Enquirer: 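Structure in structure tokens, see below.
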Amino acid sequence: MGEMLETYRGTVYPWHCDHMEHMNVMWYVGKFDEATWNFFTALGITPGYMRANGCGMAAVDQRIAYQRELHAGDVVAVRTGVIEVREKLVRFCHEMRNLETGEIAAVTLLVAVHLDMRTRKSCALPADVAAKAREGSVDYPLPW
């Protein structure tokens with residue numbers, strides 16, 4: 001089993017908060033999305049790889065469990081781990097923590113498919129990417 005990889009660090013700004021004074025759900029998704037692209041890059045699915053090979057990645061399923069509110073000024077980190085790798089997809093989770101308190105603010109589970117951008121159909125992950133993803137497999141206690 002591998003360890004979770006830190007894929008994002010950032011701050012909750014006042015404009016990330018809604019009228020109830022906590023970070024709005026759209027910003028959780030945005031921060032998780034930034035973590036996803038850092039995660040893909042760590043696996044070898046870089047912007048250069050995608051451009052050179054006419055490939056991409058598409059999320060086909062996402063579930064989020066919100067566990068603690070975040071407020072303006074909170075500093076967060078996202079760690080990512082692989083749950084499952086199949087021929088054409090990777091299933092992974094992100095865990096967002098408040099760095100001051102150490103508490104988990106949210107967890108998301110995603111399924112992403114490797115795409116041939118010309119045909120817009122799923123295609124096999126490169127062998128080296130699949131192998132690297134398997135190295136990062138974790139046994140994460142998902143909240144659902």
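Values reported hereafter were calculated over all heavy atoms of this structure, with side chains retained and with hydrogens, waters and symmetry mates removed. Sequential numbering from 1 along the given sequence is applied to the chain's residues. The shown structure was predicted, so the numbers you read here are calculated from the model rather than taken from an experiment.
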Enquirer: Identify, with sequence neighbours excluded, every residue that meets side chain to side chain contact (heavy atoms under 4.5 Å, CB included) alongside Ala77.
Expert: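 Result, side chain to side chain contact (heavy atoms under 4.5 Å, CB included) vs Ala77: Glu6, Arg9, Leu99.
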
Enquirer: Out of curiosity, Glu3 CD to Ser137 OG, how far, rounded to the nearest 0.5 Å?
Expert: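 The CD atom of Glu3 sits 13.0 Å away from the OG atom of Ser137.
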
Enquirer: Would you say the side-chain atoms of Ser122 pair up with the backbone N or O of His114, donor to acceptor, closer than 3.5 Å?
Expert: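 Pair absent, no side-chain N/O of Ser122 close to backbone of His114.
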
Enquirer: What I'd like to find out is whether the side chain of Met50 reaches to under 4.5 Å of the side chain of Ile45, using heavy atoms alone.
Expert: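 Yes, their side chains come closer than 4.5 Å.
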
Enquirer: So, does Arg97 use its side chain to make a donor-acceptor pair with the main chain of Gly102 at under 3.5 Å?
Expert: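 Looks like yes, one N/O pair under 3.5 Å.
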
Enquirer: Are Tyr66 and Val12 co-members of a hydrophobic cluster defined by side-chain heavy atoms under 4.5 Å apart?
Expert: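 As far as the 4.5 Å side-chain criterion goes, Tyr66 and Val12 are connected within one cluster.
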
Enquirer: What residues, two or more places apart in sequence or in another chain, satisfy side chain to side chain donor-acceptor pair (under 3.5 Å) together with His94?
Expert: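 Result, side chain to side chain donor-acceptor pair (under 3.5 Å) vs His94: Thr36, Thr80.
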
Enquirer: Provide the closest heavy-atom pair for Pro143 versus Gln67 in the form atom of the first, atom of the second, distance.
Expert: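 Between these two residues, the closest heavy atoms are CB-NE2, 3.5 Å.
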
Enquirer: Distance from Met23 atom CE to Asn98 atom CG, nearest 0.5 Å?
Expert: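 Those atoms lie 10.0 Å apart.
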
Enquirer: So do Pro47 and Thr41 actually touch side chain to side chain, heavy atoms under 4.5 Å?
Expert: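 Yes; the side chains approach each other to less than 4.5 Å.
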
Enquirer: Do Asp61 and Leu110 touch side chain to side chain, with heavy atoms closer than 4.5 Å?
Expert: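 They are not in contact (no side-chain heavy atoms under 4.5 Å apart), so the answer is no.
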
Enquirer: Check for me, please, whether Val78 and Leu70 land in the same ILVMFWY cluster - side-chain distances under 4.5 Å, paths through other members count.
Expert: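 Cluster IDs for Val78 and Leu70 match.
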
Enquirer: Which atom pair, heavy atoms only, marks the closest approach of Thr119 to Asp116?
Expert: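 It is N-OD1, 3.2 Å.
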
Enquirer: Is there a path of hydrophobic side-chain contacts, each under 4.5 Å between heavy atoms, that joins Met26 and Tyr8?
Expert: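 Yes, because Met26 and Tyr8 connect within a single hydrophobic cluster, where side-chain heavy atoms sit under 4.5 Å apart.
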
Enquirer: Quick one: does Val29's side chain get under 4.5 Å of Ile64's, heavy atoms only?
Expert: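 The answer is yes; the side chains approach within 4.5 Å.
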
Enquirer: Could you pull out the closest heavy-atom pair between Thr7 and Ala35, with the gap in Å?
Expert: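 Looks like OG1-CB, 3.3 Å.
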
Enquirer: Transitively linked via ILVMFWY side-chain contacts under 4.5 Å: Leu125 with Leu89?
Expert: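 Different clusters: Leu125 never reaches Leu89 through Ile, Leu, Val, Met, Phe, Trp or Tyr contacts under 4.5 Å.
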
Enquirer: Does atom CZ (Arg134) have a neighbourhood of more than 12 heavy atoms from anything else shown, all under 6.0 Å?
Expert: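 Correct, the count exceeds 12.
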
Enquirer: Could you pull out the closest heavy-atom pair between Met57 and Ala112, with the gap in Å?
Expert: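 For Met57 versus Ala112, the nearest heavy atoms are CE-CB, 3.8 Å.
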
Enquirer: Would a distance-only check, ignoring hydrogens and angles, find a side-chain to backbone donor-acceptor pair under 3.5 Å from Thr11 to Tyr13?
Expert: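 Answer holds: no.
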
Enquirer: Hey, what do you get for SG (Cys93) to CZ (Arg63), rounding to the nearest 0.5 Å?
Expert: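 Reported to 0.5 Å precision, the distance equals 13.0 Å.
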
Enquirer: Any sub-3.5 Å donor-acceptor pair from Asn24's side-chain atoms to Trp27's backbone N or O?
Expert: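 No; judged by distance alone, with no hydrogens or angles, the pair does not exist.
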
Enquirer: Rounded to the nearest 0.5 Å, how far apart are CG of Leu5 and CG of Asn38?
Expert: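 With rounding to 0.5 Å, CG (Leu5) is 8.5 Å from CG (Asn38).
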
Enquirer: Which heavy atom of Arg118 sits nearest a heavy atom of Gly54, and at what distance?
Expert: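 That would be NH1-CA, 3.5 Å.
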
Enquirer: Decide, yes or no, whether a salt bridge links Lys31 with Asp33 under the criterion of side-chain N to carboxylate O below 4.0 Å.
Expert: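 Result for this pair is no, no salt bridge flagged.
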
Enquirer: Could you check if a side-chain atom of Leu109 sits within less than 4.5 angstrom of a side-chain atom of Tyr140, using non-hydrogen atoms only?
Expert: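 Leu109 vs Tyr140: side chains apart.
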
Enquirer: So, for Cys17 and Ala72, which heavy atoms are closest and what is the spacing to 0.1 Å?
Expert: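 Scanning both residues, the minimum pair turns out to be SG-N, 3.6 Å.
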
Enquirer: What distance separates Cys55 SG from Leu115 CG, expressed to the nearest 0.5 Å?
Expert: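 The distance works out to 8.5 Å.
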
Enquirer: Nearest 0.5 Å, what's the CG-CZ distance between Asp74 and Arg68?
Expert: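 Taking CG in Asp74 and CZ in Arg68, the distance rounds to 13.0 Å.
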
Enquirer: For Phe39 and Phe92, take the angle between the two ring planes, folded into 0 to 90°, and tell me which bin it lands in: parallel under 30, tilted 30 to 60, perpendicular over 60.
Expert: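 If you compare the ring of Phe39 with that of Phe92, the planes turn out tilted.
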
Enquirer: Please tell me whether Phe32 and Trp15 are part of a single hydrophobic cluster in this structure, the criterion being side-chain heavy atoms less than 4.5 Å apart.
Expert: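 As far as the 4.5 Å side-chain criterion goes, Trp15 and Phe32 are connected within one cluster.
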
